[in-house]
Amino acid sequence: MELMLVSSSSFKHSLFSTTPYSSSLRSSRALVINCCHSPKPRKSGKDVVIRGSVQYQEKLEVLKSMEGWVEDNILTLLKPVESSWQPQDFLPDSSSSSAEEFFDAVRELRERAAGIPDEYYVCLVGNMVTEEALPMYQSMANRFDGANDETGASATSWAQWNRGWSAEENRHGDVLTRYLYLSGRLDMRQVERTIQHLIGSGMILQEAHDAYRGFVFTSFQERATFVSHGNTARHAKEHGDATLARICGLIAADERRHETAYTRIVAKLFELDPDNAVRAFAGMMRESVTMPGLLMFDGRDRDLFGHYSAVAQRLGVYTAGDYADIVEHFVKRWRVEDVGPGLTGEGRRAQDYVCGLPQRIRKMVERAQERSARESRLLPFSWIFNREVLV
């Protein structure tokens with residue numbers, strides 16, 4: 001679940017703000033993709049739901065009422081383990097009867113890998129590192145009050161989904177890590193250090209207990225991941241590695257399925273509780289969209305996430321334009337403009353804010369792209385033995 005999103009709170013000052021990172025990232029090269037918030041805790045705003053409040057209890061009741069619906073409409077999106085692809089399906093078989101067969105398969109893999117440019121590997125490693133940080137994401141989802149796994153093996157539909165989703169996601173980092181290791185193109189110790197740093201640093205999700213906001217967040221992240229892995233699949237095919245293209249394509253298909261689940265959940269919340277749903281959507285967009293990979297660090301580059309994101313933007317793996325498309329997609333998918341009866345004053349203001357976001361984002365993107373074209377430079381990445389890549 002590789003999560004690269006642009007945050008949208010007060011675009012004029014946050015689109016290119018990357019505090020606490022260096023000033024080099026407070027420019028358009030920090031990207032439109034790396035448009036993130038300061039990880040400092042924010043003051044409670046009008047859309048923040050306080051535990052124990054009437055609004056909080058209302059949300060818990062709605063989520064509890066959805067148990068049967070989740071079983072019928074969400075759990076069915078999980079694939080049986082027996083029919084699921086596994087990493088070994090795409091890797092040389094180390095248990096083959098002939099050691100030479102294994103070594104031949106590895107040589108073939110390395111020959112294919114040799115034709116792929118360094119900048120592609122930067123994007124692929126960045127994707128893989130965020131996939132390998134899965135423990136953070138399962139912990140995040142398990143903080144959603146009313147939709148969590150209270151025992152670690154609960155039989156509730158919400159808990160079964162969380163575990164099943166995590167189990168499917170776990171294969172993504174596994175297959176990419178092993179494939180990249182065998183490619184011989186990477187400094188795997190630096191890659192592994194980056195993964196450990198990221199999991200140890202954690203991720204930032206404001207108001208993490210609010211399941212409504214959490215499901216908006218995961219809807220966005222899964223769609224962004226689908227786009228990113230789909231583009232890496234396309235690039236791998238263009239560079240002649242059909243196996244890597246298939247791997248990235250299958251990961252993208254998983255992410256699309258998971259996006260469908262979270263999108264359905266939020267659509268149901270709009271149906272059952274439109275006022276709280278639209279306020280959660282607006283609240284997430286105003287305050288809390290931060291990227292799980294934001295604290296990515298390899299022991300050397302404090303701006304690593306920004307630099308990796310800049311390469312992804314330049315190659316078209318994931319761009320600010322993609323983010324604008326995602327915002328527009330969800331505004332339409334959840335029919336935010338059509339929400340009418342049942343909205344409070346706060347709900348109507350949230351509705352107006354969210355419906356106006358796509359156009360505002362696109363205007364900021366246009367200006368950012370003009371600036372970024374003038375600020376490209378070469379930077380080394382430790383993942384590829386400090387070879388330089390244009391960012």
Side-chain angles (χ1 to χ4, degrees), residues 1 3 5 41-42 44 47-79 81 130-131 133-170 172-173 198-199 201-223 225 254-255 257-273 276-277 279-281 283-284 287-292:
M1 173 180 171
L3 309 176
L5 284 185
R42 292 184 174 274
S44 295
D47 289 320
V48 172
V49 179
I50 306 300
R51 279 177 165 155
S53 67
V54 172
Q55 187 183 13
Y56 174 79
Q57 294 300 327
E58 289 174 349
K59 288 188 172 187
L60 290 185
E61 290 174 9
V62 170
L63 292 165
K64 184 176 181 180
S65 75
M66 290 173 61
E67 273 283 343
W69 179 88
V70 171
E71 182 175 1
D72 295 337
N73 295 275
I74 302 301
L75 294 185
T76 53
L77 292 170
L78 294 172
K79 287 190 174 182
V81 174
T130 48
E131 291 286 358
L134 179 64
M136 297 194 308
Y137 314 142
Q138 186 171 16
S139 297
M140 171 198 72
N142 208 38
R143 296 200 300 273
F144 297 167
D145 288 352
N148 56 351
D149 185 350
E150 294 185 351
T151 68
S154 171
T156 67
S157 299
W158 290 115
Q160 288 183 60
W161 166 257
N162 189 17
R163 296 195 302 270
W165 162 73
S166 300
E168 290 191 344
E169 289 277 344
N170 186 62
H172 301 171
L198 181 56
I199 296 174
S201 297
M203 62 172 285
I204 303 156
L205 179 61
Q206 305 293 343
E207 316 309 329
H209 66 278
D210 187 343
Y212 280 46
R213 288 193 181 204
F215 290 135
V216 170
F217 181 83
T218 48
S219 297
F220 270 78
Q221 304 297 335
E222 295 290 358
R223 189 166 184 85
T225 305
D254 279 353
E255 304 295 3
R257 209 163 21 88
H258 298 162
E259 177 213 330
T260 298
Y262 290 116
T263 302
R264 282 184 188 176
I265 291 170
V266 177
K268 190 65 173 178
L269 294 175
F270 267 93
E271 175 189 329
L272 298 175
D273 191 7
N276 280 324
R279 290 170 66 180
F281 190 1
M284 176 58 67
E287 301 287 344
S288 306
V289 179
T290 54
M291 294 69 69

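Only this structure's heavy atoms are used, side chains among them; waters, hydrogens and symmetry mates stay out.
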In sequence, state the C-alpha distance, the side-chain angles, and the governing distance for Tyr212 and Phe217, and then conclude on side-chain contact (heavy atoms from CB on, under 4.5 Å). CA-CA 9 Å; Tyr212 280 46; Phe217 181 83; over 6 Å; no
Would you give the length of the straight line joining atom CD of Glu169 to atom CD of Glu131, rounded to the nearest 0.5 angstrom? 5.5 Å
Could you walk me through whether Glu71 and Trp158 pass the side-chain contact (heavy atoms from CB on, under 4.5 Å) check? CA-CA 8 Å; Glu71 182 175 1; Trp158 290 115; over 6 Å; no
Going by heavy atoms in the side chains, are Asn276 and Leu269 under 4.5 Å from each other? no
Can you measure from CZ (Arg223) to OG1 (Thr225) and round to the nearest 0.5 angstrom? 11.5 Å
Under 3.5 Å donor-acceptor, Arg264 side chain and Asn73 backbone: yes
So, taking the atom named CG in Leu205 and the one named CZ in Arg143, what distance separates them when rounded to the nearest 0.5 Å? 6.5 Å
Going through the distances and angles, do Asn162 and Gln138 end up as a side chain to side chain donor-acceptor pair (under 3.5 Å)? CA-CA 7 Å; Asn162 189 17; Gln138 186 171 16; 4.9 Å; no
Residue pair Gln221 / Pro292, side-chain heavy-atom distance below 4.5 Å: yes
Using a strict cut-off of less than 4.0 Å between a Lys/Arg side-chain nitrogen and an Asp/Glu carboxylate oxygen, indicate whether Glu271 and Lys268 qualify as a salt bridge. yes
Rounded to the nearest 0.5 Å, how far apart are CG of Asp145 and NZ of Lys59? 10.5 Å
My understanding is that only residues two or more places apart in sequence, or in another chain, count here; which of them pass salt bridge (Lys or Arg N to Asp or Glu O under 4.0 Å) with Asp273? none
Within this structure, what is the OG1-CD distance for the pair Thr263 and Glu222, rounded to the nearest 0.5 Å? 9.0 Å
Any side-chain heavy-atom pair of Gln55 and Arg279 under 4.5 Å: yes
Nearest heavy atoms of Ala133 and Ile199, plus distance in Å: CA-CG1, 3.8 Å
So do the side chains of Ile74 and Ser157 get within less than 4.5 Å of each other, counting heavy atoms only? no
Hey, could you give me the CG/OG1 distance between Leu78 and Thr76, rounded to the nearest 0.5 Å? 8.0 Å
So, Tyr137 side chain and Thr130 main chain: donor-acceptor pair closer than 3.5 Å or not? yes
Mind listing the closest non-hydrogen atom pair of Leu134 and Ser166 along with its distance? CD2-O, 3.3 Å
Where do His258 and Thr218 land on the side-chain contact (heavy atoms from CB on, under 4.5 Å) test, with the steps shown first? CA-CA 9 Å; His258 298 162; Thr218 48; over 6 Å; no
Pairwise side-chain contact, Met136 with Leu198, heavy-atom cut-off 4.5 Å (strictly under): yes
With sequence neighbours excluded, tell me which residues meet ring pair (Phe, Tyr, Trp, His ring centres under 6.0 Å) with Phe144. Phe215
Do Thr156 and Asp149 have side-chain heavy atoms sitting under 4.5 Å apart? no
Of all heavy-atom pairs linking Ala159 and Asn148, the shortest is CB-O, 4.1 Å
Taking side chain as C-beta onward, heavy atoms only, is Phe220 less than 4.5 Å from Met284? no
For Tyr262 and Trp165, take the angle between the two ring planes, folded into 0 to 90°, and tell me which bin it lands in: parallel under 30, tilted 30 to 60, perpendicular over 60. perpendicular
